[in-house]
Structure formats: C-alpha cells, structure tokens
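All remarks here apply to the structure that follows.
A note on names: the letters A, B, ... follow the listed sequences, proteins ahead of strands, and every chain is numbered from 1.
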Protein chains: 2
Amino acid sequence: MSQMQSVEKQLRQMILGLEIGPGEKLTERWIESRFGASRTPVRAALLRLETEGLVGRDGRGWTVSPINLAELEQIAVYRDAVEVAALRLTCSLADRSAVDVIEAMLESCDNDTPREEWHRVGMDFHIELARLSGNEFLFRAVRDAMTRLSRARWLEVRDEAALARAWAEHRAILAATRLGDADEAARLLSVHIVGSRDRLVTSLANDRRGLRARGFAVVAA
Amino acid sequence: MSQMQSVEKQLRQMILGLEIGPGEKLTERWIESRFGASRTPVRAALLRLETEGLVGRDGRGWTVSPINLAELEQIAVYRDAVEVAALRLTCSLADRSAVDVIEAMLESCDNDTPREEWHRVGMDFHIELARLSGNEFLFRAVRDAMTRLSRARWLEVRDEAALARAWAEHRAILAATRLGDADEAARLLSVHIVGSRDRLVTSLANDRRGLRARGFAVVAA
DNA sequence: GATACCAAATTGGGATACCAAGATGGTGCC
DNA sequence: GGCACCATCTTGGTATCCCAATTTGGTATC
C-alpha cells in the first residue's frame, strides 16, 4: 500500500481516538518521524484531514480541531436535514430488507462488548442507514457529520443509560422504516438526533473542566 | 499570496469555465508548467479539487471529472434536503432583512448582462440564501453542491426562457421568505430545484452528442 | 527585576532529484 | 503483414533540500 493512505489513516485514528488531544499543535516534522513517512504524504494527509474538519490551520502551523460546542449544535441541525431526507428516501423504496442487516449490527453489541465497539456501531448505524437511501451525497454528508461528531461521542458511550436509550431509539427507527412509515420514522429520527445532541452538549458542558485538565481544548457555544 | 492558492483558484476556474473539458486527462507536469508553479502546490491544488469532485483519479493519473447525469439527479435530491432545511431556518429568524441584499443581487442582471454574470448570480442566489440560515454546515453543503452543478449549468444559461423562469422563481422564493411563510417558501424552492434539474437533464441529454463532439465526456444516468 | 531587542533555531511552503510502475512505440520474428 | 516482445519515455509517488517567516531564548540595558 502507498504510505500516503497509511499516514492518513493512522493519523485520523489517533485524532479520533483522542490519542492526540483536541487543540493540540501538530508539526509536519513530528508526524513525519512518528509514522516514518516523508513530508509529501504527510502533507497530503493533513490536507485531507483538513477537509474533514479534524485538523485546521492556526496561522502558520497545524492544530487538531478543538471540540466545539457551537459546532455540535449546528451539526445536529445539519444531520436532521440529511438523515431525515435519506430515511424518507429509503422508506419509499420497494425493497427495504437491508434494514435487517443494520438490525443485526445493533444486536451484535451486548454487555461484554468493549466501549470502542459501541462507539463504532453507534456511528455506523446512522451511516449505513443513510447508505440504504442510495443517494451518494446524502450518504457522504451523514458519514462526514458522524466523523466530526466522533470525538465528542466518546462521552455518550461512557453513560450506560444514554447508550440503552440510543439503542432503543435506533430499533424503533428501524421498525418504522421496515413498515415504510416515512413520517413516523422521520419523527423518531428527528427526536433521536435532537436528544442525542442535548445529552452530548450537557455532558460536555459538565465535563468541560475535566477535559481541559486533560489538555483537551473545548470551545464554548 | 502563496502560489498554492493561486494554482488552485486558476485551475478551478479553468475547469468550471470548461476551458479544460470534462473527462480530459491532467498531468501534474502540465499544470506545473502551465501555471509556473512547482509540484508541491500543484499537488495541494489537485487534492483540494478532488474533494470538491472536480477532478478524480483515473487509476494512475488525474482526470477532470466528466459531467454525470446520474450525479445531477442525486444532487437535486441532496439540494432539496439541505436548501429547504436552510430556508426553513431562515424563515424562523426574527430579522430576515438580509433577503433584500439577495433581491438586489438578482436585480443587478438585465439584458446587457453577460452570460457569465447570469451564471454566477444564479448560483450565488442559492449559496447566499443558504448562508442566511446561519448554519455553517448547510451553507457549505449548498456551496459545494452548486460548485458541482456549475459546469452543467452553462447549458441553462444559454436558454433565455429558462433563465426568465428561474429568476421569477427566485423572486417568489424571496417574497415568501420575507413574509416568513416557511411552508410556502419551502414548497416553491422544492419545485424550483426539481424543475431546474429537469430542464438541465433534458437539455444535457439532447446536447450530449454536441458536447461529446467538443470533447466533453458526459456520463449517462 | 522587568523589558526591549537581537540571534538562532524551528517551521511550513516551495523546488528539485530520484524511483518504480505503467504506457508507448518500434523492431524483429513468425 | 501481423503479432509479440523489449527498450524507452512518461507519470505519479517519495525523499530531500532550500528558503522566508515566525517563534524562542537569552542577554543587555534601564
């Protein structure tokens, strides 16, 4: 494999996994030595991650994007628009049997499942659901939005009650979709997105001090 | 200014202005000599334009993205989702006086206005309208979608009747927005987007031969 | 002790040299 | 004459070098 994609993937994983803290400064030369690549692939990776909103320019120099409460609010609105549109499309399809695959995905998580897996499946639920619509643009929009939310969502995964509720809401959305009840499915999804945002923003606002203590930059709304 | 942005801007302009035909092969070295830059900024430009969907990888090597009828259909659905969401947000704002600025933008076009200007203002109408929502993600989504549509829209601008209709629809949308009538504004915008797509796809399907004769790759739906 | 200023190191942006893989075209054999 | 094969050229990917700008640390002065 070309090293370029490798650097990009590894760096993205470190950022999403909070191994590099939000707000941390990045130097091309550090990345270079850390992954044993040279600067060209490093720059390519940074340019790509910039369009994903994971890193940004800080004058001269690169910074891991801080967690931004205002951004979380705006993403929720954006998600509502694109995810609901995708879901309505899916409900209008003749063959919606693919929802079963997503259902099975949800079922694969139980008490023994590690946090990381819940985190991943929780995102993939929305991404795969959007993929069913068959609209590439809606799909990419959802995938990109979930990527941006990914780091903040680590908080949600620490809360058992929040997880249980999210999973129940996911199942309800799938049930309505299976029946082709677009209005109900859309309503449930909207409620889920808004609720998810509220829980996230609340716990982020509470944990803000703790996060800052760990060196994570959190920008207020 | 750094040369990087210059290369990116100039290359984007050549692609959007059809100075480089859809489907045409691009070599980094040609771009290098064409703009008097070296490969580093050329690379950066290509990576950025790739995320905008204007260029793509063709195995080894770069290609200007062909005009894709299937993509136009999907973009219309995507636009409907994000533009309507943005417009509803705007309608819910207390101060919607900014629509006047957009109205003035429309009025700046008359019989003496060159085609290029109609083309640009027609896109900016949708982009600026989305910006009013205050949601950065919806705004960027609309801007990116319009960028992707840009090349195909040159066809619409050649048709006087289509232009007149589009402008009338634009004004109606603004009127409803000014009144804060979200449902009516959303309905008008939806109709406008769908109609615009139909006119575009129809004339593209008709002109396909002519476009191919000019060396423009057009991919069927 | 604080501050202003200067030197040196660091950093991202740009240019260039090198490489491996793929395209191309020409030549020789059948 | 056609086809297969090999030399060559082109191309994107990578590594390295250079440069200007900005940051940084220390020192000298007040």
Side-chain angles (χ1 to χ4, degrees), chain A residues 1-16 19-66 68 212 215-217 219, chain B residues 1-16 19-66 68 212 215-217 219:
Chain A
M1 186 199 311
S2 72
Q3 275 208 329
M4 191 184 71
Q5 292 203 2
S6 173
V7 172
E8 185 184 332
K9 280 189 179 176
Q10 290 182 64
L11 187 57
R12 183 188 293 110
Q13 198 165 1
M14 286 189 72
I15 293 173
L16 292 181
E19 294 174 61
I20 314 180
E24 223 167 289
K25 290 247 182 295
L26 284 177
T27 71
E28 295 183 354
R29 271 142 173 133
W30 177 83
I31 301 169
E32 198 180 336
S33 67
R34 175 68 175 73
F35 298 108
S38 92
R39 293 183 70 196
T40 310
V42 168
R43 284 190 196 163
L46 285 170
L47 284 174
R48 291 243 174 71
L49 295 178
E50 184 186 23
T51 70
E52 295 180 31
L54 297 183
V55 304
R57 295 172 186 280
D58 171 46
R60 211 175 127 93
W62 297 92
T63 310
V64 177
S65 302
N68 186 325
R212 282 189 183 277
F216 293 171
V219 175
Chain B
M1 187 199 307
S2 69
Q3 274 206 331
M4 192 184 69
Q5 291 203 2
S6 173
V7 172
E8 184 184 333
K9 279 189 180 177
Q10 289 183 65
L11 187 57
R12 183 187 295 109
Q13 199 164 3
M14 285 188 75
I15 293 174
L16 291 180
E19 293 174 63
I20 314 180
E24 223 167 287
K25 290 247 181 297
L26 283 177
T27 72
E28 296 183 352
R29 264 128 179 148
W30 178 82
I31 301 169
E32 199 179 330
S33 68
R34 176 68 176 72
F35 298 108
S38 93
R39 294 184 69 196
T40 309
V42 168
R43 277 297 192 68
L46 285 170
L47 286 173
R48 290 242 174 70
L49 294 178
E50 185 186 22
T51 70
E52 296 180 30
L54 297 183
V55 304
R57 293 173 188 281
D58 172 43
R60 212 176 127 90
W62 298 91
T63 310
V64 177
S65 301
N68 186 327
R212 281 188 184 278
F216 293 171
V219 176

Qualifying residues under side chain to side chain contact (heavy atoms under 4.5 Å, CB included), relative to T63(A), sequence neighbours excluded:
K25(A), D58(A)
Dot-bracket notation for DNA chain D, counting Watson-Crick and G-U pairs under 3.5 Å, with | for partners on another strand
||||||||||||||||||||||||||||||
Does S38(A) make a side-chain N or O approach to OP1 or OP2 of dT14(D) shorter than 4.0 Å?
no
Nearest-angstrom distance from the residue atom CZ of R29(A) to C1' of dC19(D)
11 Å
Between S65(B) and G56(B), the two heavy atoms sitting closest are OG-N, 4.0 Å
Let me know the distance between CG of L26(A) and P of dT10(C), rounded to the nearest Å.
18 Å
With sequence neighbours left out, the residues meeting side chain to side chain contact (heavy atoms under 4.5 Å, CB included) with E28(B) are R39(B), V42(B), R43(B), L46(B), W62(B)
So, does the side chain of R39(A) form a donor-acceptor pair with the base of dG12(C) at under 3.5 Å?
yes
Has Q10(A) got a side-chain atom pairing as donor or acceptor with V7(A)'s backbone, closer than 3.5 angstrom?
no
Take atom NZ of K25(A) and atom P of dT23(D), then tell me their distance rounded to the nearest Å.
10 Å
To the nearest Å, give me how far apart CZ (F35(B)) and P (dG14(C)) are.
15 Å
Rounded to whole Å, please give me the gap between CG in L47(A) and P in dG14(C).
11 Å
Send over the distance from I31(A) CD1 to dG12(C) P, rounded to a whole Å.
8 Å
Could you give the CD-to-C1' distance, from E32(A) to dG12(C), as a whole number of Å?
12 Å
Any residue meeting side chain to side chain contact (heavy atoms under 4.5 Å, CB included) with P66(A), in chain and number order, not counting sequence neighbours
A217(A), V219(A)
Taking only residues two or more places apart in sequence, or in another chain, which ones meet R212(A) in a side chain to side chain contact (heavy atoms under 4.5 Å, CB included)?
R208(A)
Side chain of R43(A), base of dG14(C): donor and acceptor closer than 3.5 Å?
yes
Those residues that, when tested against E50(B), pass side-chain hydrogen bond (donor to acceptor under 3.5 Å, both in side chains) (two or more places apart):
R48(A), R57(B)
Tell me the interatomic distance from W62(B), atom CH2, to dA23(C), atom P, rounded to whole angstroms.
17 Å
